[in-house]
Amino acid sequence: SRETFSVVSGEDHLVAVIVRRGGTGVISPSANRWPREFQTLCNLALANQWEEAVELQTALQPCIDAVFAAKNPIPLHHMFQSAIRSPLVRLDELRESNRLAVLEKINRALAIESFPHVEAPARR
């Protein structure tokens, strides 16, 4: 029998490219913070809506930059205000110059209010 397999992106910045080349999705640290946006990105790419997928992929880049501004998952733990396991350190334990650069990227990403092609969540 013929075996089949799926390819998923392990690189948040390459989701649209991987899907266009036959991939089926992404294993994404950034999607923990922006799940709706990464789901939409995958859906657009899987529907062959390449222009829209690339536009959303580009808009998500500051978020991806924030997540990977320090060793993953340090920035995510900071964004979620959760504990982190040893030997990793909290963001506030990083050297000041590095910490400030990471915080700048996180703040830039968190300031984004909307993304192209992503419906705003329903208000409660």
Side-chain angles (χ1 to χ4, degrees):
S1 81
R2 184 173 159 213
E3 292 185 43
T4 60
F5 65 94
S6 296
V7 174
V8 293
S9 175
E11 299 292 335
D12 291 2
H13 68 286
L14 295 176
V15 177
V17 171
I18 296 295
V19 173
R20 185 160 195 169
R21 293 182 178 181
T24 58
V26 63
I27 299 172
S28 168
S30 304
N32 286 291
R33 177 56 183 79
W34 292 276
R36 178 186 320 275
E37 292 76 10
F38 274 86
Q39 180 179 3
T40 300
L41 173 58
C42 288
N43 289 344
L44 289 168
L46 290 168
N48 298 326
Q49 295 178 290
W50 305 119
E51 187 175 311
E52 294 87 349
V54 169
E55 186 178 3
L56 179 52
Q57 178 81 70
T58 301
L60 282 165
Q61 192 59 51
C63 304
I64 297 164
D65 291 344
V67 170
F68 292 98
K71 176 71 179 156
N72 180 35
I74 294 170
L76 282 171
H77 280 274
H78 179 78
M79 286 185 249
F80 287 120
Q81 299 177 356
S82 62
I84 196 161
R85 64 171 170 72
S86 188
L88 298 171
V89 297
R90 294 184 321 270
L91 186 59
D92 62 355
E93 295 177 284
L94 297 177
R95 286 189 312 266
E96 184 177 7
S97 60
N98 191 22
R99 180 177 65 248
L100 295 176
V102 173
L103 281 172
E104 181 181 330
K105 288 181 180 183
I106 289 172
N107 290 336
R108 185 178 315 131
L110 294 178
I112 299 172
E113 295 183 10
S114 65
F115 293 88
H117 314 292
V118 178
E119 289 185 33
R123 300 220 176 214
R124 295 179 192 205

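Here, residue 1 is the first one in the sequence, and each next residue gets the next number.
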How far apart are the closest heavy atoms of [X] and [Y], and which atoms are they?
X	Y	value
Cys63	Phe115	SG-CZ, 3.6 Å
Ala59	Pro116	CB-CD, 3.5 Å
Ala69	Asn98	O-OD1, 4.3 Å
Lys105	Ala66	O-CB, 3.5 Å
Cys42	Gly25	SG-CA, 4.1 Å

What distance do [X] atom [atom1] and [Y] atom [atom2] have between them, rounded to the nearest 0.5 Å?
X	Y	atom1	atom2	value
Arg85	His77	CZ	NE2	7.5 Å
Ile74	Leu88	CD1	CG	5.0 Å
Asn43	Phe38	CG	CZ	13.0 Å

[Y] backbone acceptor or donor facing [X] side chain under 3.5 Å:
X	Y	answer
Glu52	Leu44	no
Asp12	Ile64	no
Glu37	Val118	no
Asn32	Pro29	yes

Exceeds 12 heavy-atom contacts within 6.0 angstrom, atom CD of Glu51: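 Open.
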
Between Trp50 and Val19, is a side chain to side chain contact (heavy atoms under 4.5 Å, CB included) present by the stated rule, with each step listed? CA-CA 10 Å; Trp50 305 119; Val19 173; 4.3 Å; yes

With a 4.5 Å limit on heavy-atom distance, are the side chains of [X] and [Y] in contact?
X	Y	value
Glu96	Leu100	yes
Ser28	Val15	no
His13	Gln61	yes
Trp34	Thr40	no
Leu103	His78	yes
Val26	Leu41	no
Pro35	Arg33	no

When hydrophobic residues are tied together by side-chain contacts of less than 4.5 Å, even through go-betweens, does Phe68 share a cluster with Leu14?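 Each belongs to a different hydrophobic cluster.
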
Between Glu11 and Ile18, is a side chain to side chain contact (heavy atoms under 4.5 Å, CB included) present by the stated rule, with each step listed? CA-CA 9 Å; Glu11 299 292 335; Ile18 296 295; over 6 Å; no

